[in-house]
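Atom set for the values below is all heavy atoms of this structure, side chains included, hydrogens, waters and symmetry mates excluded. First the proteins, then the strands, lettered A, B, ... as listed; each starts at 1. Please read these numbers as outputs of a predicted model, since none were measured by experiment.
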Amino acid sequence: MGAKFSDIGKIIAQALQSKPVLEEGAKVIVEAVPLRTRLGKGVKEAEGPALPLPKLKTKTKSNRKLLAEKGELTGPGATPAKSGLNRTGDMLSGLKAIIKNGKFEIRLKDKQQEIKAGHVLKNNPDFAFMNISKAEMNRMIKAMSVKITEILSKIKFDSL
Amino acid sequence: MAETYTAFVDPNYTVSERREIARSIINYIVDRTKDGRGIGNKDFKKKYSNAYIKTSDFKIADKSPTDVNLTLSGDMLSSIEILDVSVVGRIVIGFEIDTEDDKARFVREKGYEFLGLSDSELQDILTEFGEPETETRPSDISENLVEEFVRGIFGR
């Protein structure tokens, strides 16, 4: 016996908590957050807009210029003047997703990176970057919906 | 003035049908743009400008100079929203976020017409969707329908 079409809402809600679907959503966010941050944008509130990160101070730019000359400004695409939390690239490169209890959480690679992020935010909370923007949420929903549709295509709905 | 696209459809479609059609339109526009084509499936320019290619953003996003698809972070295309389906026979899509709306206006002024459909593209979408007030058969589970359910669960 197949599933009832009228149960589709419940089936979708259950599928939304399944590992394969959460993995698709997490993949979008794990890729989007570092790219968006390196491009110079942060997100202050969950599902808010992605807005430019604070400009770097003159002293910081000078320090970064010296680092660049020594070959130590190694973040992907990093330039001395660009604000992107991207000096070495370490903090953003190891973003990971923890999938547990029907949800996923995005975390930095390890404790050292969490401490680094903590210092950045303590100095200036406007450098918030771990929230998901509205556009990123849309992409996540799209990816999860594609996966759920694939799952549903294997279910036989034989009654309304 | 905000960047929007208005589609006129059969007035017999219900609000929820117009919403699903709107979702189809958005997904079609996003996929077509990412394939490097604009309204009427016309190809975008073959190559980004040299000035743009030399920017740090272009390098950070690891883009190809000849893959013209209006996608750097993906935020602009992901920000196309259903703006209004409340009026019978009319669907409006566009941007709610000012920064993405500004971006869309900028690319349009540069000659990239992406936010919209030709008459034949709209007709193809409506043909695939079906006639108004069609009784939903158990097999009619489209990705757009699923996406509307998922958005509802996320409160969007």
Side-chain angles (χ1 to χ4, degrees), chain A residues 2-6 8-13 15-17 21 25 28 31-41 47-52 75-79 81-82 84 86 133-153 155-160, chain B residues 16 20 23-24 26-31 34 52-63 70-82 93 95-104 134-156:
Chain A
K4 285 198 294 182
F5 190 70
S6 53
I8 192 167
K10 285 185 211 163
I11 295 169
I12 290 173
L16 210 43
Q17 294 180 53
V21 174
V28 168
E31 286 172 5
V33 168
L35 174 59
R36 177 253 294 154
T37 309
R38 285 181 190 130
L39 287 171
K41 295 204 174 147
E47 296 189 53
L51 294 171
T79 63
K82 188 167 182 72
N86 195 21
S133 73
K134 188 172 182 181
E136 287 155 5
M137 182 66 130
N138 282 341
R139 288 207 289 289
M140 184 191 80
I141 286 172
K142 171 78 183 163
M144 292 169 97
S145 300
V146 168
K147 190 66 184 174
I148 292 173
T149 307
E150 189 188 299
I151 292 169
L152 290 182
S153 69
I155 298 174
K156 185 168 174 274
F157 289 90
D158 58 13
S159 59
L160 289 169
Chain B
S16 59
E20 213 184 314
R23 186 59 55 203
S24 294
I26 291 172
N27 288 333
Y28 175 85
I29 288 173
V30 170
D31 289 345
K34 284 185 176 174
Y52 183 49
I53 290 166
K54 286 178 185 164
T55 61
S56 59
D57 281 0
F58 200 87
K59 292 184 182 104
I60 287 168
D62 198 23
K63 285 192 66 64
L70 310 188
T71 301
L72 190 72
S73 63
D75 279 2
M76 183 182 71
L77 293 179
S78 302
S79 298
I80 304 175
E81 302 268 9
I82 300 172
I93 63 167
F95 297 91
E96 286 181 340
I97 303 172
D98 288 345
T99 47
E100 303 308 329
D101 187 68
D102 289 344
K103 225 184 267 183
T134 304
E135 187 184 312
T136 307
R137 297 181 298 278
S139 59
D140 283 354
I141 300 166
S142 71
E143 188 188 298
N144 298 315
L145 178 68
V146 170
E147 193 173 328
E148 283 307 301
F149 266 103
V150 173
R151 283 179 178 276
I153 291 168
F154 276 98
R156 316 266 338 265

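Partners of D101(B) according to the side chain to side chain donor-acceptor pair (under 3.5 Å) rule, which considers only residues two or more places apart in sequence or in another chain, are R105(B). Residues satisfying the side-chain contact (heavy atoms from CB on, under 4.5 Å) test with S78(B), not counting sequence neighbours, are A135(A), N138(A), R139(A).
Paired with V146(B) under the rule side-chain contact (heavy atoms from CB on, under 4.5 Å), one option of I151(A), V146(A), I148(A) passes, and it is I148(A).
Heavy atoms only, all atoms of each residue included: S56(B) and K82(A) are closest at OG-CD, 3.7 Å. Nearest heavy-atom pair, T149(A) versus E143(B), reported as atom, atom and distance to 0.1 Å: OG1-CA, 3.4 Å. Between P49(A) and I97(B) the shortest heavy-atom distance is CB-CG2, 4.0 Å.
Salt bridge annotation for E100(B)-K134(A): absent, with no cationic side-chain nitrogen under 4.0 angstrom from a carboxylate oxygen.
Rounded to the nearest 0.5 Å, atoms CD1 (I12(A)) and CD1 (I153(B)) are 6.5 Å apart. One distance of note links CZ of R38(A) with NZ of K59(B); it measures 16.0 Å at 0.5 Å rounding. One finds the CD1 atom of I11(A) at 10.0 Å from the CZ atom of F149(B) (value rounded to the nearest 0.5 Å).
Comparing E148(B), R151(B), M76(B) by heavy-atom pairs within less than 4.5 Å of chain A, the highest count is held by R151(B). Of all the listed residues (L51(A), I155(A), L35(A)), the one sharing the greatest number of non-hydrogen pairs under 4.5 Å with chain B is L35(A). Ranked by non-hydrogen atom pairs under 4.5 Å with chain B, the options E150(A), R36(A), M144(A), E47(A) are led by E47(A).
The contact between T99(B) and chain A is made entirely by side chain atoms (from C-beta outward), counting heavy-atom distances below 4.5 Å. The contact between A13(A) and chain B is made by backbone and side chain atoms together, counting heavy-atom distances below 4.5 Å. Contacts of E81(B) with chain A are made by side-chain atoms alone, with heavy-atom separations under 4.5 Å and no backbone atom involved. L77(B) does not touch chain A: none of its heavy atoms, backbone or side chain, sits under 4.5 Å away. Looking at L152(A), the atoms closer than 4.5 Å to chain B (heavy atoms on both sides) all sit in the side chain, from C-beta outward.
For the pair V30(B) and K142(A), the minimum side-chain heavy-atom distance is 4.5 Å or more.
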